[in-house]
Amino acid sequence: MLDIKLIRENPELVKTGIENKREKNRIDEILVLDSKRRELIFRTDELKSKRNQTSMEIAKLKKSGADASNIIAEMKRVSDEITLNDSQLKDLEASLNDILMFIPNLPHSSVPVGKSAEDNVEVRRWLPEGFSFENDFKPLDHIELGKKLKILDFERGAKISGSGFPLYTSRGATLERSLINFMLDKHINEHNYSEIFPPFLVNADSMRGTGQLPKMADDMYFLQKDDLYLIPTAEVPVTNIHRDEILDEKSLPVKYVGYSACFRREAGSYGKESKGFLRVHQFNKVEMVKFVKPETSYDELEGLVSDAEDILQALNIPYRILMLCTGDLSFSAAKCYDIETWSPAENKWLEASSCSNFESFQARRANIRYRREDTKKPDFLHTLNGSGLATSRLMVSLLENNQTPEGKIIIPRVLHKYTNFGIIE
RNA sequence: GGAGAGGUGGCUGAGUGGUUGAAAGCGGCGGUCUUGAAAACCGUUGUAGGCGUAAGUUUACCGGGGGUUCGAAUCCCUCCCUCUCCGCCA
């Protein structure tokens, strides 16, 4: 959520930001509602002040045994007006809030203005030693490999649940679990994140806090009977750990890492993009979340990306970093880097991670603050999160890049102590 | 699923209709004392909104929402949550 004061004082700046994000601009409506709201508060507060004063007089009159019926009758009229105003105010604030909750975060000034993914900017790429985009043999894709080696069974996954619910079997299941543990251990032991194992179902307040609701309601699984949503990412439960809290400045930055299964309805996604692991309804992800002081959040964003890169370098997987342009930036993000890993079979880059700075956008919605040591006053902190990483797309690159001409998979050395095998054949 | 108890400020915990934002204690902050620290003593101490350049002023907040009343932490309704016991269960 944006600060209403920012909108009030810099409407043009806000409008430009929203338009660059290619979202609907309803700033003028907000300004009208806001000024109506303030005017109504002003009038009603005066009435309330009068009522409070008069109540004390009534108490005194009654104590001394005097008659207060005239003044009580007058106060009844005042009270009725207050009731009326309060209900108008409530409606007004509800409408204002409804619009405000649909206003996206503004892009940071360093973000390139652009319309779509076409305009994203490649920042750098990393390729393993001896890597080549040319192949000596025709690589199998992850679906063919999974079938041949009996480690992925998309048909049976579809039988059990429906398409987009992958089933991992035997060494595929072990490899998946090993990857998760490897990534968690690295972030915990080398990057100083504290481990979280979050709930996978959350309430609507949590979904609003991180910005999934109200805009993304159709993209989430919802359990009507219990009013709970399946999380699309661990970002939701982990960020909401500190909802409605005031943290000590000394405790910042707070860094969490957690594994979760992620559930996405992917409403309206069809076609080639959706085969195998490329677009699924359930996948596994290790997520990093940071709560930081505003002045450090852009340094922390760079750190976040480099923590995710460490994983890929350790696994020897080719990747590139993109800075998303304004048009491709998500609703809540002010700046975002995507990490894409190389798929030799698809002959393209696959998004395996997104690292974003939300500045105070989520903190405002979720009411997460910290007490400043200089002013002793609470202020909204900045939140960031990044995948470190999602296993599905990572698995595609891992399998395809490590296959032999015979269709065997060489397991990267760093995973051996987790898998207890070095090859899948 | 059944039965019961309870939700008050950073924490513990008073408070059953009229200067109660809320006693007391703890904690925090500032000070006195001390070479320093502790102890003791004194003072201070929430959040959000409105108006105001500011000083300041005003409103709201005792789990959420609604109601009764001139006036609600206190009475009524409703929802949520936590705890205990029983049942079921990985």
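Sequence lines set the chain letters: A, B, ... in the order given, protein chains first and strands last, and positions in each chain run from 1. Worth knowing before you read on, the calculation uses all heavy atoms, side chains too, and leaves out hydrogens, waters and symmetry mates.
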(Q) Pairing donors with acceptors under 3.5 angstrom, does anything connect the side chains of His382(A) and Tyr370(A)? (A) no
**Q.** Paired nucleotide for U69(B) [Watson-Crick or G-U wobble; both distances under 3.5 Å]
**A.** none
Q: Please figure out whether Lys90(A) or Met75(A) has its closest RNA chain B nucleotide nearer the 5' end.
A: Lys90(A)
Q | Pairwise P distance for U59(B) and A72(B), with rounding to whole Å | A | 13 Å
Q. Just checking Arg43(A): base, sugar-phosphate only, or nothing, at a heavy-atom cut-off of under 4.0 Å?
A. nothing
Q.
Checking side-chain polar atoms at under 3.5 Å, does Asp310(A) have a donor or acceptor matched by the opposite partner on His191(A)?
A. yes
**Q.** C1' spacing across the pair A24(B) / C83(B), given as an integer number of angstrom
**A.** 26 Å
Q: Report which part of the nucleic acid Lys60(A) touches: base, sugar-phosphate, or nothing (heavy-atom distance under 4.0 Å, all strands).
A: nothing
Q: Determine, step by step, whether Lys285(A) and Glu287(A) satisfy the salt bridge (Lys or Arg N to Asp or Glu O under 4.0 Å) criterion, reporting the C-alpha distance in whole Å, the side-chain angles of both residues, the deciding distance to 0.1 Å, and the verdict.
A: CA-CA 6 Å; Lys285(A) 184 155 62 69; Glu287(A) 184 78 2; 2.7 Å; yes
Q: Sticking with atom C1', work out how far C89(B) lies from G1(B), rounded to a whole angstrom.
A: 12 Å
Q: Using both distances under 3.5 Å as the test, list the Watson-Crick or G-U wobble partner of C61(B), or none.
A: G46(B)
Q) Looking just at side-chain N and O atoms, do Ser297(A) and Asn357(A) make a donor-acceptor pair shorter than 3.5 Å? A) yes
Q: Mind running side chain to side chain donor-acceptor pair (under 3.5 Å) on Asn203(A) and Tyr229(A) for me, showing each step along the way?
A: CA-CA 6 Å; Asn203(A) 58 32; Tyr229(A) 294 82; over 6 Å; no
(Q) For U12(B), give the paired nucleotide (Watson-Crick: N1-N3 plus N6-O4 or O6-N4; G-U: N1-O2 and O6-N3; both under 3.5 Å), or none. (A) A24(B)
Q: Please test Leu140(A) against Gln403(A) for side chain to side chain contact (heavy atoms under 4.5 Å, CB included), starting from the C-alpha separation and ending with a verdict.
A: CA-CA 8 Å; Leu140(A) 300 177; Gln403(A) 63 181 302; 3.6 Å; yes
Q: Between G17(B) and A73(B), how far apart are the C1' atoms? Round to whole Å, please.
A: 11 Å
Q) Whom does U34(B) pair with, Watson-Crick or G-U wobble, provided both distances fall under 3.5 Å? A) none
Q | Sugar-phosphate only, base, or nothing, as touched by Arg364(A) at under 4.0 Å among non-hydrogen atoms | A | nothing
Q | Rounded P spacing from U20(B) to G28(B) in Å | A | 29 Å
Q. Which nucleotide, in any strand shown, forms a Watson-Crick or G-U wobble pair with C88(B), with both distances under 3.5 Å?
A. none
Q: Name the pairing partner of A39(B), where a pair is Watson-Crick or G-U wobble with both distances under 3.5 Å, or state none.
A: none
Q. With a non-hydrogen cut-off below 4.0 angstrom, is Arg371(A) in contact with a base, only sugar-phosphate, or nothing?
A. sugar-phosphate
(Q) Less than 3.5 Å apart, any donor N or O on the side chain of Lys335(A) or Ser356(A) sitting next to an acceptor on the other? (A) no
Q) Should the heavy atoms of other residues, nucleotides or ligands under 6.0 Å from CZ of Arg372(A) be counted, would the total exceed 12? A) yes
Q. Now, which nucleotide makes the Watson-Crick or G-U wobble pair with U82(B), with each of the two distances under 3.5 Å?
A. A5(B)
Q | Whole-Å P distance, A60(B) and G21(B) | A | 9 Å
Q. Counting only Watson-Crick or G-U wobble pairs whose two distances fall under 3.5 Å, which nucleotide matches A54(B)?
A. none
Q | RNA chain B: 5'-proximal contact among Ile246(A) and Glu39(A) (nearest heavy atom) | A | Ile246(A)
Q. When rounded to the nearest Å, what value does the distance between C1' atoms of U12(B) and A22(B) take?
A. 16 Å
Q: Have a look at Lys50(A) and say if it touches a base, only the backbone sugar-phosphate, or nothing, with a 4.0 Å heavy-atom cut-off.
A: nothing
Q. In terms of side-chain heavy atoms, does Gln362(A) have a donor or acceptor partner in Thr210(A) at a distance below 3.5 Å?
A. no
(Q) Taking U8(B) as the reference, what is the distance to G13(B) when you measure between their P atoms (whole Å, please)? (A) 9 Å
Q. Under 4.0 angstrom, heavy atoms only, what part of the nucleic acid is Ile58(A) near: base, sugar-phosphate, or nothing?
A. base
Q | Boundaries of the RNA chain B segment in contact with chain A, non-hydrogen, under 4.0 Å | A | G18(B) to G71(B)
